[in-house]
Amino acid sequence: MLQPLRILFRPKWMVSRSSASYVSRMRHLNKIKEEDEACRAALQSGNIFLYHKLAPLLRWTDSGIYQLPALQTKDVEEILEKLGGDKEMVKESILINCTEQNEAQFSFDVGAIDQAAVEEQCRGTFVDLRKAFFLLRGSEAPLVARGQALLRWHQTNGFCSSTGQPTQRNQSGSQRVCHSSGITYYPKMSPVVIVLVSDGKRCLLGRQSTFPRGMYSALAGFCDIGETMEEALRREIAEEVGLEVESIQYSGSQHWPFPQSSFMVACHATVNPDKTHVSVDKEELEDAQWFSLEEVQEALTIKVPPRNNKGEPTVFWVPPSYAIANRLIQEWANQQHLKS
């Protein structure tokens, strides 16, 4: 019988964040999200992260790392005018967050402007989001993912599904309204369960054919309508690898921008150590294997995708630290150390 979900690790922010400053910031963020005039004022003094056809702008720094540059609104307006665009386009920026200093942060896609020209003006490079995740610091990855997700949602929800009429966004971009039907649309995420399965001594990792060579990850699947998270997890494991889950532990959650916007709920699960035969559904996975603690520890030391040159043995590696799959794998390795 499945055990009830329980928290495996206490989130650090629950004990380290100042509640007073956090409450103030969240109320300020909600105000500029809901009130158009407040948002327009915040945009004039806020910061903007640029994208070109959903690829974020990154900048190589003197310290040898890539950074997500935050541009001031006036600077973006000047760039638009210099490159033949309309500076009023900046009003299409989407609110994504607010700093601890109450500075609003926006995302803005300049896909209508020549990419190379924008890169030259900004002294940066537009990078595919999957690649950008490997280049950015951990704190910037969730921010750039949120910005892209909201831009994508607005680009694909310009019409009402009931009337076919155009929808209109509010200033912050937190909603779109069809004035013909009165329907209000909000950005949505699809619930996904991601799980690291263990038999007590090994963990099970799988790969899809679209993964980079050598990369294995925790198993994941979308929740069906009407399912609980536990039911979705148990079903996905049975479907994909032919195993029956005995217990579940909740670990955490993460927004994931691929292929669209997903809400990843991460868990650990155990199976009977006497019933570990894997039967892979080839429609879902290319492969799934049990890995030892030693193999996992070595894979965790690989911080960038290995070259895996042709003719050489394929290097086993796992998703990078920004992915919640990495957290699950690291947690499992830590637990194995405690046992020993």
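We count residues from 1, following the sequence as given.
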Original post:
Going by the angle between their ring planes, with limits at 30° and 60°, are F133 and Y322 parallel, tilted or perpendicular?
Top reply: tilted
Original post:
Are there more than 12 heavy atoms of other residues, nucleotides or ligands under 6.0 Å from atom CD of Q44?
Top reply: yes
Subject >> Pairs satisfying side chain to side chain donor-acceptor pair (under 3.5 Å), at least one member in residues 204-223, at least two apart >> reply: R207-E286, R213-T314, Y216-D287, Y216-Q289
**OP:** Decide, yes or no, whether a salt bridge links D224 with R235 under the criterion of side-chain N to carboxylate O below 4.0 Å.
**Re:** yes
**OP:** Using modelled atom types only, decide if a donor and an acceptor are shared between the side chain of R146 and the backbone of A141 within a distance under 3.5 Å.
**Re:** no
**OP:** Evaluate the side-chain proximity of K188 to S261: yes if any heavy-atom separation is below 4.5 Å, no if none is.
**Re:** no
Subject >> Distance in Å, F108 CZ paired with T73 OG1, rounded so as to fall on 0.5 Å steps >> reply: 10.0 Å
Original post:
Do side-chain atoms of N170 reach the backbone of S174 as a donor and acceptor pair under 3.5 angstrom?
Top reply: yes
Original post:
Any side-chain donor-acceptor pair under 3.5 Å between S247 and T270?
Top reply: yes
Original post:
At their closest point, which heavy atom of A145 faces which heavy atom of H255, and how far apart are they?
Top reply: O-CE1, 3.8 Å
**OP:** Verify the distance criterion only: is there a donor paired with an acceptor across the side chains of H28 and E103 at less than 3.5 Å?
**Re:** no
**OP:** Would you kindly say whether E331 and Q335 are connected by a side-chain donor-acceptor distance under 3.5 Å?
**Re:** no
**OP:** Please determine which of T125, I65, L135 meets the side-chain contact (heavy atoms from CB on, under 4.5 Å) test together with L58.
**Re:** L135
Original post:
Is a side-chain donor or acceptor of S262 paired with a backbone partner of M264 at a separation under 3.5 angstrom?
Top reply: no
Original post:
Is the Lys NZ or Arg CZ of R202 less than 6.0 Å from the centre of F291's six-membered ring, within 45° of the axis?
Top reply: no
**OP:** To the nearest 0.5 Å, tell me how far T228 OG1 sits from L233 CG.
**Re:** 9.5 Å
**OP:** Go through the steps to decide whether Y51 and S107 satisfy the test side-chain contact (heavy atoms from CB on, under 4.5 Å), and finish with yes or no.
**Re:** CA-CA 7 Å; Y51 295 73; S107 60; 3.5 Å; yes
Original post:
Counting distance only, does the side-chain N/O of R59 pair as donor-acceptor with the main-chain N or O of G124 below 3.5 Å?
Top reply: no
Original post:
Side-chain donor-acceptor pair under 3.5 Å between E298 and T301, yes or no?
Top reply: no
Original post:
What pair of heavy atoms forms the shortest contact from F49 to A70, and how long is it?
Top reply: CE2-CB, 3.6 Å
Subject >> Nearest heavy-atom neighbours spanning A55 and V127 >> reply: CB-O, 3.4 Å
Original post:
Is the number of heavy atoms from other residues, nucleotides or ligands under 6.0 Å of H337 NE2 greater than 12?
Top reply: yes
**OP:** Output the distance between atom CG (L285) and atom CG (L205), rounded to the nearest 0.5 Å.
**Re:** 11.0 Å
Subject >> side-chain contact (heavy atoms from CB on, under 4.5 Å) between V296 and W332, worked out >> reply: CA-CA 9 Å; V296 166; W332 178 82; 3.9 Å; yes
Subject >> Salt bridge present between K74 and E78 (N-O < 4.0 angstrom) >> reply: no
Original post:
Quick one: CD on Q330 to CG on L196, what's the gap to the nearest 0.5 Å?
Top reply: 11.5 Å
**OP:** For T276 and W290, test the side chains for any donor-to-acceptor distance below 3.5 angstrom and give the result as yes or no.
**Re:** no
**OP:** Could you walk me through whether E244 and V271 pass the side-chain contact (heavy atoms from CB on, under 4.5 Å) test, one step at a time?
**Re:** CA-CA 6 Å; E244 186 169 342; V271 296; over 6 Å; no
Original post:
How about L300 and V318: do any of their side-chain heavy atoms sit closer than 4.5 Å?
Top reply: yes
Subject >> Heavy-atom check, side chain of R25 versus side chain of E100, under 4.5 Å >> reply: yes
Subject >> Side chains of I183 and V177 in contact at under 4.5 Å (non-hydrogen atoms) >> reply: no
Original post:
Quick one: does R152's side chain have a donor or acceptor within less than 3.5 Å of a partner on Q260's backbone?
Top reply: no
Subject >> Heavy-atom closest pair, residues L95 and L150 >> reply: O-CD1, 3.6 Å
**OP:** Decide side-chain contact (heavy atoms from CB on, under 4.5 Å) for R169 and Q175; before the verdict, give the C-alpha distance in whole Å, the side-chain angles of both, and the deciding distance to 0.1 Å.
**Re:** CA-CA 6 Å; R169 51 164 282 194; Q175 60 181 254; over 6 Å; no
Original post:
Would you say N97's side chain and Q105's backbone share a donor-acceptor pair under 3.5 angstrom?
Top reply: no
Original post:
So, do I194 and L219 sit near enough that their side-chain heavy atoms are less than 4.5 Å apart?
Top reply: no
**OP:** Could you tell me whether the side chain of Q254 reaches within less than 4.5 Å of the side chain of P142, counting heavy atoms only?
**Re:** no
Original post:
Is the number of heavy atoms from other residues, nucleotides or ligands within 6.0 Å of CG (L338) greater than 12?
Top reply: yes
Original post:
Within a strict 4.5 Å, meaning less than it, do heavy atoms of the S21 and S24 side chains meet?
Top reply: no
Subject >> Shared hydrophobic cluster, L143 / L136 (ILVMFWY, side-chain heavy atoms < 4.5 Å) >> reply: yes
Original post:
What pairs of residues pass the side chain to side chain donor-acceptor pair (under 3.5 Å) test when at least one of them lies in residues 80-94, not counting sequence neighbours?
Top reply: E88-K91
Subject >> Residue pairs, two or more places apart or on separate chains, that pass ring-ring contact (aromatic ring centres under 6.0 Å, His included) and touch residues 140-185 >> reply: none
Subject >> Nearest heavy atoms of C39 and S172, plus distance in Å >> reply: SG-CA, 3.6 Å
**OP:** Would you check if H268 and V195 make a side-chain contact, meaning some heavy-atom pair closer than 4.5 Å?
**Re:** no
Original post:
Taking all atoms of both residues into account, what is the closest heavy-atom pair of I32 and A38, and its distance?
Top reply: CG2-O, 3.7 Å
